[in-house]
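What you see is a predicted model, and the numbers here were worked out from it, not measured in a lab. FYI, side chains are in, hydrogens and waters are out, and symmetry mates aren't considered; it's all heavy atoms of this structure.
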Amino acid sequence: MNHSLFEQLENYNQMDYYPFHMPGHKRNSEIKGFPVGIDITEIEGFDNLHHASSVLLEAQQKAAALYGAEESFFLVNGSTAGILSAISAAVSSNGSILLARNSHKAAYHGIFLRNIRAEYVYPEMIESYGICGGINPNEVKRALEHNRSIEAVFITSPTYEGMLSNIEEIADITHRNHAVLIVDEAHGAHLNPSGGEFPAGALDGQADIVIQSLHKTLPSLTQTAVLHVQGERVNRGKLRKYLQIYQTSSPSYLFMASIDSCIHMLNTQGRELFRVYKERLNRFYEQVKDLKFLHLLSPEEVEGIAAIQAMDASKLCIFSSQAGISGSRLYNYLLERYHLQMEMAAGEYVLAMTSIMDREEGFARLNQALHELDQEVCQSAENASEWAQLPKAEIIMTAAEAEEQEREILPFIESEGRVSLEYRYVYPPGIPVLVPGERITREVLEVLSYYHSKNLNIQGQESGKGKIAVINRMK
């Protein structure tokens, strides 16, 4: 293929073909505000994502070559579609999976859809900061040897804050126990193409399926992602089948062209882009070392502890606890006073996500803002708060089984000991504290109370704020 998919679409738009086909805007240039000229459907010469044989097959092969995968699939429904497909292909209906408890809600939805029984493995905690570290390979080994029916292991690496687990060791343990390793690498699409500027990704660690959100850390449109597969443990026919089920039958060519353009950029300019990017990051870390109360977490502080193989330095975790202010307050200061929009606020920190497309101006503005706030609003190093840790789950039944139970609505404060029929999670990042079919324990109540006290965005409250649906009577 001589042209990228985007160039091919642009060339097609200059021709005189008249569209007696979808979409309904008919590529009419009189419609302003979005690129209708290159928004097409599966027409002659442009292939079909679900049966790729020409331009889209070649585009996916370029992605596989860049990342070192045997086969790669474009995802136009985000990493969510890849997670659902991977779990469905790797685990039998009513089967068992070993799931990292700090997994995204999409993994729990995949378990629900197939009525899969989950056994949890918990990340180790970075005690001094109260955030999740990595998954201990020994805990994976223990779980797999205890339950021989587990068909797949699902973990998140890197985490939202950039902590990477030892994928190579976990993969070796998983494979020796005849299971498939699925890695949610949604926040790590930039790792492998960085040419060593960042830690190695999960494909290098021999994971079987790796799902990445290109749009999170690379220049690609929102909702674009890629699923990579390697080895013989995954039934690729089943994987393709579920990709067709969970993805739209009318995939956006804008999205696919965006993925292809991103891969092309990385192939042709990636080495230089990542070199400059890493230099800017290194300079920024050095510039903020003198902060007295605010603190930027660095890889040197955490690598080698809490089962952390490495930390992705592109995730800027700025802690405010020693400054006597909450993460949400720091978030608001940065937004309202400096017009710096952070990715998220947690109880004691804010997270800034960076990429190869960040400019020096952005780092300079953040550096200035943090130094000014460090002097003006920070109170005392004695005002640090306690951390809210991920509570241990008490599983009573699967989420799918819970769906069939008779329900009643209770005030949340009166629900201790009951079995939940709803999720509870802070979004972002979307990691459930409570899942349908789990008992509402005192620990769960305390963690959610902590989140409320920090004014975090708690979602899953289908029955209304302050209420929850619980099982009334077991069927």
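Other residues, nucleotides and ligands contribute over 12 non-hydrogen atoms within 6.0 Å of the CZ atom of Arg176. Around atom CZ of Phe6, no more than 12 heavy atoms belonging to other residues, nucleotides or ligands sit under 6.0 Å away. Within 6.0 Å of the CD atom in Glu124, the count of heavy atoms belonging to other residues, nucleotides or ligands exceeds 12. For NE2 of His264, the number of neighbouring non-hydrogen atoms (other residues, nucleotides, ligands) closer than 6.0 Å is 12 at most. Under a cut-off of 6.0 angstrom, the local environment of CD in Glu232 is sparse, with at most 12 non-hydrogen atoms contributed by other residues, nucleotides or ligands. Crowding of Lys467 atom NZ: a count of heavy atoms from other residues, nucleotides or ligands under 6.0 Å not exceeding 12.
Leu98 places none of its side-chain heavy atoms less than 4.5 Å from the side chain of Glu139. Two residues are said to be in side-chain contact when any heavy atoms from C-beta on lie closer than 4.5 Å; Glu197 and Leu281 fail this criterion. Residues Ile131 and Leu297 meet the side-chain proximity criterion, which asks for heavy atoms closer than 4.5 Å. Using a 4.5 Å cut-off on side-chain heavy atoms (C-beta onward), Ser85 and Leu239 make contact. Here the side chains of Glu161 and Tyr349 are in contact, with some heavy-atom distance below 4.5 Å. With contacts defined as side-chain heavy-atom distances shorter than 4.5 Å, the pair Tyr242/Ile87 does not qualify. Residues Leu99 and Tyr108 have side chains in contact (heavy-atom distance under 4.5 Å, counting atoms from C-beta outward). Residues Pro436 and Glu403 have side chains not in contact (no heavy-atom distance under 4.5 Å, counting atoms from C-beta outward).
For the residue pair Ser72 / His228, a side-chain donor-acceptor distance below 3.5 Å is found, with atom types taken as modelled. A donor and an acceptor atom, one from each side chain of Thr354 and Tyr277, are located under 3.5 Å apart. For Ser4 and Ser261, the side-chain atoms include no donor-acceptor pair closer than 3.5 Å. Glu119 and Ser96 are not linked by any side-chain donor-acceptor pair at a separation below 3.5 angstrom, with hydrogens and angles left out of the test.
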Just do the salt bridge (Lys or Arg N to Asp or Glu O under 4.0 Å) check on Arg101 and Glu438 with the steps written out, would you?
-> CA-CA 13 Å; Arg101 180 63 193 198; Glu438 294 179 356; 2.6 Å; yes
Is there a salt bridge (Lys or Arg N to Asp or Glu O under 4.0 Å) between Glu422 and Arg407 once you walk through the steps?
-> CA-CA 11 Å; Glu422 294 180 1; Arg407 65 177 55 206; 5.0 Å; no
Show your reasoning for whether ring pair (Phe, Tyr, Trp, His ring centres under 6.0 Å) applies to His109 and Tyr423.
-> CA-CA 11 Å; His109 294 162; Tyr423 291 93; 5.5 Å; yes
Might you work through the side-chain contact (heavy atoms from CB on, under 4.5 Å) test for Leu266 and Phe274, ending with a clear yes or no?
-> CA-CA 9 Å; Leu266 295 176; Phe274 276 108; 3.8 Å; yes
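With salt bridges taken as basic N to acidic carboxylate O contacts below 4.0 Å, none links Glu394 and Lys392. Taking a cutoff of 4.0 Å between a charged side-chain nitrogen and a carboxylate oxygen, Glu401 and Arg117 qualify as a salt bridge.
Gln230 places a side-chain N or O within 3.5 Å of a backbone atom of Ala207 that can act as its donor or acceptor partner. A distance-only check finds no donor-acceptor pair linking the side chain of Gln223 to the backbone of Phe255 [under 3.5 Å]. The main-chain N or O of Phe198 is found under 3.5 Å from a side-chain atom of Ser194 such that the two form a donor-acceptor pair. Not one N or O on the side chain of Asp208 forms a donor-acceptor pair closer than 3.5 Å with the backbone of Ile182. At distances below 3.5 Å, at least one donor-acceptor pair connects side-chain atoms of Ser79 with backbone N or O atoms of Ser213. Formation of a donor-acceptor pair under 3.5 Å by the Arg418 side chain with backbone atoms of Ile471 is found in this model. Checking side-chain atoms of Glu343 against main-chain N and O of Pro428 turns up no donor-acceptor pair under 3.5 Å.
The aromatic rings of Tyr12 and Tyr17 lie parallel to each other, their planes meeting at an angle below 30°, with 60° marking the opposite boundary.
Across all their heavy atoms, Ala81 and Gln247 have their closest contact at CB-CG, 3.9 Å. When all heavy atoms are compared, the tightest approach of Ile458 to Gln461 is O-NE2, 3.1 Å.
Partner of Val229 under the side-chain contact (heavy atoms from CB on, under 4.5 Å) criterion, out of Glu70, Arg240, Glu71: Glu71 alone.
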Exercise answer: donor-acceptor pairs, residues 307-317 side-chain atoms, under 3.5 Å, sequence neighbours excluded:
residue, atom, partner, partner atom, Å
Gln309, OE1, Asn166, ND2, 3.3
Asp312, OD1, His190, NE2, 3.3
Asp312, OD1, Ser314, N, 3.0
Asp312, OD1, Ser314, OG, 3.0
Asp312, OD2, His190, NE2, 2.8
Asp312, OD2, Ser314, OG, 2.9
Asp312, OD2, Lys315, NZ, 2.8
Ser314, OG, His190, NE2, 3.4
Lys315, NZ, His187, O, 3.0

